[in-house]
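Nothing fancy with the numbering, it's 1 onward along the sequence.
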Amino acid sequence: MELFKLFGKKDEKSKNVAKERLKLVLVHDRADLSPKFLDMIKGDIIRVISEYADIDEAGLDIKLTRMKRDMDSSTISALVANIPIIKVKEDK
């Protein structure tokens, strides 16, 4: 029975990964942004923030998602960034 649980957990995990990938594809389609365009935005964000702070690029998470606006509850695309800052650079 433990063997079936082991396989079941793996299936559950891959199911969740597939679900997240599908959500990402839908968000990109609805926002009409190509992955290349999103990569360009990520590169520009990293470049600008790196002028002011050392960041942990391995922990960087920038993604496109959907969210409801407070004012009218309509759904819009949103760029969400989690950028770990290691150290703020001194003034030049």
Taking side-chain contact (heavy atoms from CB on, under 4.5 Å) as the definition, give me every residue that meets it alongside [X], ordered by chain and number, with sequence neighbours left out.
X	value
Asp54	Ile86, Lys87, Lys89
Ile85	Ala53, Ile55, Val88
Lys68	Thr75
Ser74	Arg69, Asp72, Ile76

Does Lys36 pair with Asp39 as a salt bridge, N-O distance under 4.0 Å? no
With sequence neighbours excluded, what pairs up with Asp70 under the salt bridge (Lys or Arg N to Asp or Glu O under 4.0 Å) test? none
Salt bridge (Lys or Arg N to Asp or Glu O under 4.0 Å) partners for Asp56, two or more places apart: none
Side-chain hydrophobic cluster, 4.5 Å single linkage: members besides Val17: none
Considering only Ile, Leu, Val, Met, Phe, Trp and Tyr, and joining two whenever side-chain heavy atoms are under 4.5 Å apart, list the other residues clustered with Met71. none
Just verifying a value: how many Å separate Met67 CE and Leu79 CG, rounded to the nearest 0.5 Å? 11.5 Å
Measuring from Ile45:CD1 to Ile83:CD1, what's the distance to the nearest 0.5 Å? 6.0 Å
Would you mind listing every salt bridge (charged side-chain N to carboxylate O under 4.0 Å, His left out) that reaches into residues 73-84, with sequence neighbours excluded? none
Ile62 and Ile41: same hydrophobic cluster, using ILVMFWY side-chain contacts below 4.5 Å? yes
In the single-linkage hydrophobic clustering (I, L, V, M, F, W, Y; side-chain heavy atoms under 4.5 Å), do Ile46 and Phe37 co-cluster? yes
